[in-house]
Amino acid sequence: MLDKTKMITVDETMIFNGDCLDVLKDMESNSVDLIVTSPPYADQRKNTYGGVKPNEYVNWFLPISKELLRVLKPTGSFVLNIKEKVVNGERHTYVLELIIALRGQGWLWTEEYIWHKKNSFPGKWPNRFRDSWERCLHFNKNKKFAMYQDEVRVPMGDWSNSRLKNLSDVDRTRDESKVGSGFGKKIKNWEGRKLAYPSNVIHMATECSNRSHSAAFPEALPSWFIKLFTKQGDVVLDPFSGSGTSIKVASDLGRVGVGIELLDEHCEISANRLGLTKSKTIDKVVYKDNN
Ligand SMILES: C[S@@+](CC[C@H](N)C(=O)[O-])C[C@H]1O[C@@H](n2cnc3c(N)ncnc32)[C@H](O)[C@@H]1O
């Protein structure tokens with residue numbers, strides 16, 4: 001039973017210094033529009049901020065995701081940036097197991113976006129090539145959720161000039177899918193358009209202006225999802241906020257950013273980036289704007 005006197009209302013940008021499982025338990029249900037986060041990739045960075053053994057990952061994550069499911073609004077989205085590490089020469093399956101376990105918990109696995117890291121470092125490995133992509137798993141509570149697709153449209157590109165120049169008869173009518181999927185396309189609809197919807201592969205460099213955290217997002221990554229799944233004034237939560245990248249971007253875009261971070265030094269970095277000061281809300285250390 002939730003103790004209503006301890007409930008946290010998320011109506012302004014703030015960073016909680018604590019374990020996300022504890023903090024989430026005190027957050028109001030159905031109060032968040034978007035969760036965008038990158039948790040520890042198992043124990044890949046155990047020397048900097050600890051981690052969880054791959055075999056224990058799902059059991060560690062599920063109590064947290066249960067709270068995320070509770071605090072997310074029915075129209076909200078949860079974007080989980082993660083990548084499985086190599087253990088004993090093969091890819092570990094904890095991310096795949098986590099997807100299945102999250103579905104069992106009630107999440108819908110709507111989509112998988114691939115973050116193509118354009119500038120991954122060259123190297124030579126005996127049994128694989130350099131790792132140039134990460135998963136951004138998209139989960140929802142319901143099939144109908146808020147999505148502002150026009151906000152992430154991209155230029156049509158040069159291909160459209162030649163492709164749309166001489167349209168065939170088929171191009172001028174709706175071409176129904178041959179496999180009976182109900183989907184179809186009408187190429188003529190794209191005549192005169194300058195912008196198109198992007199694909200589910202996001203091409204972005206890993207570099208970021210903030211070098212004080214070993215695994216910080218480039219700002220463009222959370223920015224893309226925040227524009228796609230929220231509007232001004234909406235609440236964006238990052239339960240593993242690290243140096244506060246997603247909270248900073250959310251705030252810059254006129255959203256309410258709420259971060260949770262275990263380590264004091266990472267909270268200090270976030271607070272400096274966002275101009276927040278340390279205070280206390282109920283029994284928690286929180287950084288917020290005290291002006
Ligand atoms: C991959 S990093 C996130 C980096 C972040 N996206 C950024 O741009 O800086 C994961 C973060 O989760 C934090 N963390 C680990 N376990 C946590 C927990 N139980 N609750 C809150 N934060 C945790 C770590 O200290 C680390 O800063």
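First listed ligand is number 1; within each ligand, the first listed atom is number 1. Being a predicted model, the structure only gives us computed values, none of them experimental. Numbers here simply count residues along the sequence, with the first being 1.
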As an exercise, identify every atom of ligand 1 less than 4.0 angstrom from a heavy atom of Pro239. 21 (C), 22 (N)

Any N or O on Cys20 sitting closer than 3.5 Å to an N or O of ligand 1? yes

Judging by distance only, is a nitrogen or oxygen of Leu263 under 3.5 angstrom from one on ligand 1? no

Classify the angle between the aromatic ring planes of Phe145 and His138 as parallel (below 30°), tilted (30 to 60°) or perpendicular (above 60°). perpendicular

In terms of heavy-atom contacts, does OH of Tyr197 have more than 12 from other residues, nucleotides or ligands at under 6.0 Å? yes

Against heavy atoms of Pro40, which atoms of ligand 1 measure under 4.0 Å? 15 (C)

Which of the atoms of ligand 1 are close to Thr245, meaning less than 4.0 Å from one of its heavy atoms? 7 (C), 8 (O), 9 (O)

Subset of ligand 1 atoms that lie under 4.0 Å from at least one heavy atom of Ser241: 5 (C), 7 (C), 9 (O)

Closest to atom 24 (C) of ligand 1 among Glu261, Arg273, Glu219, Glu265 (heavy-atom distance): Glu261

Hey, any chance Trp115 and Val236 share a hydrophobic cluster, counting ILVMFWY side chains that come within less than 4.5 Å of each other, even indirectly? yes

Is it true that Phe225 and Tyr113 have ring centroids separated by less than 6.0 Å? yes

Is there any N or O on Asp19 that sits under 3.5 Å from an N or O of ligand 1? yes

I'd like to know whether the aromatic ring centres of Phe240 and His266 sit less than 6.0 Å apart in this structure. no

Would you say Ser243 has any N or O atom under 3.5 Å from an N or O of ligand 1, going by distance alone? yes

Give a yes/no on ligand 1: does Gly51 have at least one heavy atom closer than 4.0 angstrom to it? no

Tell me, yes or no, whether the heavy-atom count around Arg103 atom CZ, taken from other residues, nucleotides or ligands under 6.0 Å, exceeds 12. no

So is there a nitrogen or oxygen of Pro39 less than 3.5 Å from a nitrogen or oxygen in ligand 1? no

Restricting to heavy atoms, the pick from Gly242, Pro222, Ser38 nearest atom 10 (C) of ligand 1 would be Ser38

Over all heavy atoms of both residues, which pair between Asn142 and Pro74 is shortest? Give the atoms and the distance, please. ND2-O, 2.9 Å

For Gly18, state whether at least one heavy atom is located under 4.0 Å from any atom of ligand 1. yes

Between NZ of Lys227 and CZ of Arg255, what distance do you get to the nearest 0.5 Å? 8.5 Å

Below 4.0 angstrom, N of the basic side chain to O of the carboxylate: do Glu84 and Arg91 qualify? no

Which bit of Ser246 is near ligand 1, meaning a heavy atom under 4.0 Å away: side chain, backbone, both or neither? neither

